[in-house]
Amino acid sequence: RPTIIAVVSEPPVVRPGQTAELSVVVADATGVLTAPPATWALVEAFPGVAPLGTIDGDATGATYTAPATVPDRGDIPPLDAATVTVETTDGPLTAVKGVGVVELAAANPAITALTIDGADATAGVTVTRGGTYALAITTDPAPGEDARFAWYSPVGDIAKYQSNPCELVVPMDATSGPLIIVMRDGVGGVAWRQVALTVP
């Protein structure tokens, strides 16, 4: 089924008066979909507390603009909540992305290596029905304690799909398809990668 697998903010933390580009990543059994129809909005990140910034978006993405001056809200963090609703063949899907407004240099992590059974798989790989394959990624910077992972593939079963490394078990009736990994660093940063798995 179509699924929102990530919402990416570049940069993941926005300095006061600056902007961030937001994009949504939607995938189904065929892989990542290109520019599905989407609408964007800001909602209350905390009940009864108005958003700090503004957002302007369309099907290709959105631009979030942080306020030039962040008001003193006491114990309430300087955080906005952006929502994106995507129209799919199974109906609308909605996700929420937190956007922090802090005077801080921040960047999304990068996936520097994706391996299957220890071999480079960034250009795709052939897998065999009935086989079990070790999946792993390397990121820059290295994942911290708060990092989270999610592997997706219609080709086989990934029992510990929220782990890195993990294993893909390819059933005897498998057909070719994508393998997608999403990594969240726990502080707003997101990285993802898609490769093709070929079943001869």
Side-chain angles (χ1 to χ4, degrees), residues 1-16 18-67 70-71 73 76-102 106-111 137 139 143 146-155 158 160-164 177-195:
R1 293 174 179 267
T3 303
I4 295 176
I5 61 171
V7 181
V8 183
S9 174
E10 183 61 55
V13 177
V14 190
R15 287 175 161 165
Q18 301 298 306
T19 62
E21 299 302 318
L22 276 65
S23 58
V24 60
V25 185
V26 184
D28 62 12
T30 65
V32 172
L33 306 178
T34 302
T39 55
W40 300 79
L42 288 181
V43 297
E44 294 179 350
F46 306 95
V49 180
L52 293 167
T54 60
I55 195 168
D56 182 25
D58 55 27
T60 62
T63 299
Y64 169 84
T65 302
V70 178
R73 305 195 297 181
I76 300 174
L79 179 74
D80 267 342
T83 66
V84 56
T85 299
V86 179
E87 298 298 329
T88 76
T89 54
D90 283 1
L93 301 173
T94 299
V96 180
K97 174 69 174 180
V99 183
V101 181
V102 181
N108 286 300
I111 296 175
I137 61 166
T139 65
D146 294 329
R148 298 291 181 267
F149 303 88
W151 297 85
Y152 305 88
S153 183
V155 175
I158 307 173
K160 297 181 179 180
Y161 72 97
Q162 292 182 316
S163 300
N164 180 54
L179 171 69
I180 303 169
I181 172 64
V182 179
M183 180 267 195
R184 295 174 174 84
D185 64 8
V187 289
V190 180
W192 66 275
R193 182 72 61 86
Q194 173 178 254
V195 298

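- The distance from the OG1 atom of Thr89 to the CG atom of Asp28 is 7.0 Å, given to the nearest 0.5 Å.
- When side chains are defined from C-beta on, Pro154 counts as touching Pro178, because their heavy atoms get closer than 4.5 Å.
- Judged purely by atom type and a 3.5 angstrom limit, Thr3 uses its side chain to pair as donor or acceptor with the backbone of Arg1.
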Exercise for review: Show your working on side chain to side chain contact (heavy atoms under 4.5 Å, CB included) between Tyr152 and Val32 and close with a plain yes or no.
Suggested key: CA-CA 11 Å; Tyr152 305 88; Val32 172; over 6 Å; no
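- Taking CG of Asp185 as the reference point, atom OG1 of Thr139 lies at 8.5 Å (rounded to 0.5 Å).
- With rounding to the nearest 0.5 angstrom, the CG atom of Asn164 is 8.5 Å from the CE atom of Met183.
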Exercise for review: Could you walk me through whether Leu22 and Val84 pass the side chain to side chain contact (heavy atoms under 4.5 Å, CB included) test, one step at a time?
Suggested key: CA-CA 10 Å; Leu22 276 65; Val84 56; over 6 Å; no
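- The minimum heavy-atom distance between Ala191 and Pro109, with the atom names listed, is CB-O, 3.4 Å.
- Within the model, atoms CD1 of Ile180 and CH2 of Trp151 stand 11.5 Å from one another, a figure rounded to the nearest 0.5 Å.
- Here the side chain of Lys97 pairs a donor or acceptor atom with the backbone of Gly188 at under 3.5 angstrom.
- With sequence neighbours left out, Arg15 forms a salt bridge (Lys or Arg N to Asp or Glu O under 4.0 Å) with Glu103.
- The nearest pair of heavy atoms linking Ala20 to Val14 is CB-CG2, 3.5 Å.
- Judged purely by distance below 3.5 Å, without hydrogens or angles, the side chains of Thr94 and Thr85 pair a donor atom with an acceptor atom.
- When each of Leu33, Ile5, Leu93, Val86 is paired with Val24, the side-chain contact (heavy atoms from CB on, under 4.5 Å) condition holds for Val86 and for no other.
- For the pair Val182 and Ala6, the tightest heavy-atom approach, listed with the atom from each and the gap, is CG1-CB, 4.1 Å.
- Of the possible polar contacts, one joining the Asp80 side chain to the Leu52 backbone as a donor-acceptor pair under 3.5 Å is found.
- Here side-chain hydrogen bond (donor to acceptor under 3.5 Å, both in side chains) pairs that include residues 52-61, with residues two or more places apart or in two chains, are Asp58-Thr60.
- Thr19 OG1 to Glu10 CD: the interatomic distance, rounded to the nearest 0.5 Å, is 10.5 Å.
- For Pro78 against Val70, the heavy-atom pair with the smallest separation is CB-CG1, 3.9 Å.
- Shortest non-hydrogen contact noted between Val43 and Pro51 is O-CG, 3.8 Å.
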Exercise for review: Assess whether side chain to side chain contact (heavy atoms under 4.5 Å, CB included) is satisfied between Val190 and Arg184, documenting all intermediate values.
Suggested key: CA-CA 5 Å; Val190 180; Arg184 295 174 174 84; 4.1 Å; yes
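- Scanning all heavy atoms of the two residues, the minimum distance from Ala106 to Pro11 falls at O-CB, 3.5 Å.
- A donor-acceptor contact closer than 3.5 angstrom is absent between the side chains of Glu21 and Ser9.
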